[in-house]
Amino acid sequence: MTDLKLQAILQKMLNDLGDESNHYMLMANYYEHTSTEKANERWYLANIYIHKNAVANVFIDEDSISLGVRLNPDNLYQIDEIKMKVDQIYRIRKNKTGGIFNTEDDIYVELSKLNFPAFN
């Protein structure tokens with residue numbers, strides 16, 4: 001079932017990327033790499049910073065958000081393509097300063113979707 005509130009927030013986030021004062025933090029159970037060298041590699045407890053200067057090629061559909069992100073602090077020019085399933089997003093925060101995000105920055109919270117991975 002589609003979460004219409006979450007879809008609306010993601011669409012607003014996409015529209016807000018043109019304004020440098022908008023900073024978002026997407027929190028999901030995991031994201032998957034879609035770049036060739038790391039295809040299908042999964043990273044758990046994903047916190048992805050979304051800002052005009054931090055992401056590229058953002059595409060949102062009903063089931064997922066695909067985007068290019070800078071994940072390598074040693075090479076800020078390296079863009080990794082990732083995909084997050086919309087149903088795995090449990091929190092989104094937005095502020096106008098970046099830096100530290102707090103609970104008062106929450107614009108979407110659905111902690112029932114938070115699932116810690118089982119490690120064997």
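Keep in mind the model is a prediction, meaning the values are calculated, not measured.
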Considering all heavy atoms, the nearest Ile100-Asp105 contact
O-OD2, 4.1 Å

Check the angle between the aromatic planes of Tyr31 and Trp43 and answer parallel, tilted or perpendicular using the 30° and 60° thresholds.
parallel

Can you list everything that forms a side chain to side chain donor-acceptor pair (under 3.5 Å) with Lys12? Sequence neighbours excluded, please.
Asp16

Could you walk me through whether Leu71 and His33 pass the side-chain contact (heavy atoms from CB on, under 4.5 Å) check?
CA-CA 11 Å; Leu71 298 173; His33 281 272; 3.7 Å; yes

Residues passing the side-chain contact (heavy atoms from CB on, under 4.5 Å) test with Glu20, sequence neighbours excluded, are His51, Lys52, Asn53

Holding to side chain to side chain donor-acceptor pair (under 3.5 Å), I want the full list of residues that pass it with Ser64, two or more places apart in sequence or in another chain.
Asp61

Step by step, work out the side-chain contact (heavy atoms from CB on, under 4.5 Å) result for Gln7 and Ile60.
CA-CA 9 Å; Gln7 284 289 338; Ile60 299 169; 4.1 Å; yes

Verify the cluster assignment for Tyr49 and Val58: are they in a single hydrophobic cluster under the rule of side-chain heavy atoms below 4.5 Å apart?
no

Do Ile48 and Ile79 sit in the same hydrophobic cluster, where Ile, Leu, Val, Met, Phe, Trp and Tyr count as joined when their side-chain heavy atoms come under 4.5 Å apart?
no

Determine all donor-acceptor pairs shorter than 3.5 Å in which one atom belongs to a side chain in residues 108-116; sequence neighbours excluded.
residue, atom, partner, partner atom, Å
Tyr108, OH, Asp3, OD2, 2.6
Tyr108, OH, Lys113, NZ, 3.1
Glu110, OE2, Ser112, OG, 2.7
Lys113, NZ, Ile89, O, 2.9
Asn115, ND2, Lys113, O, 3.3

dist Phe101:CZ -> Arg91:CZ (nearest 0.5 Å) comes out at 12.5 Å

For a 4.5 angstrom cut-off between non-hydrogen side-chain atoms, does Met25 reach Ile50?
no

side-chain contact (heavy atoms from CB on, under 4.5 Å) with Arg42: which residues, sequence neighbours excluded?
Tyr30, Glu32, Tyr44

Please examine the side chains of Ile82 and Leu67, heavy atoms only from C-beta on, and report whether any two atoms are closer than 4.5 Å.
yes

Quick one: pull up CE in Met13 and OH in Tyr24 and give me the separation to the nearest 0.5 Å.
7.0 Å

Tell me which pairs pass salt bridge (charged side-chain N to carboxylate O under 4.0 Å, His left out) where either residue lies in residues 64-84, with sequence neighbours left out.
Lys38-Asp80

Is a salt bridge present between Asp106 and Arg93, judged by a nitrogen-to-oxygen distance below 4.0 Å?
yes

So, taking the atom named OH in Tyr77 and the one named CG in Asn72, what distance separates them when rounded to the nearest 0.5 Å?
13.0 Å

Distance (rounded to the nearest 0.5 Å) between Ile65 CD1 and Gln11 CD
9.5 Å

May I ask you to check whether over 12 heavy atoms, not counting those of Glu104, lie within 6.0 Å of atom CD?
yes

Hey, could you give me the CD1/CD1 distance between Ile107 and Ile9, rounded to the nearest 0.5 Å?
5.0 Å

Do the side chains of Val55 and Val69 get nearer than 4.5 Å, heavy atoms only?
yes

Is Asn95 close to Asn102 at the side-chain level, that is, under 4.5 Å between some pair of heavy atoms?
no

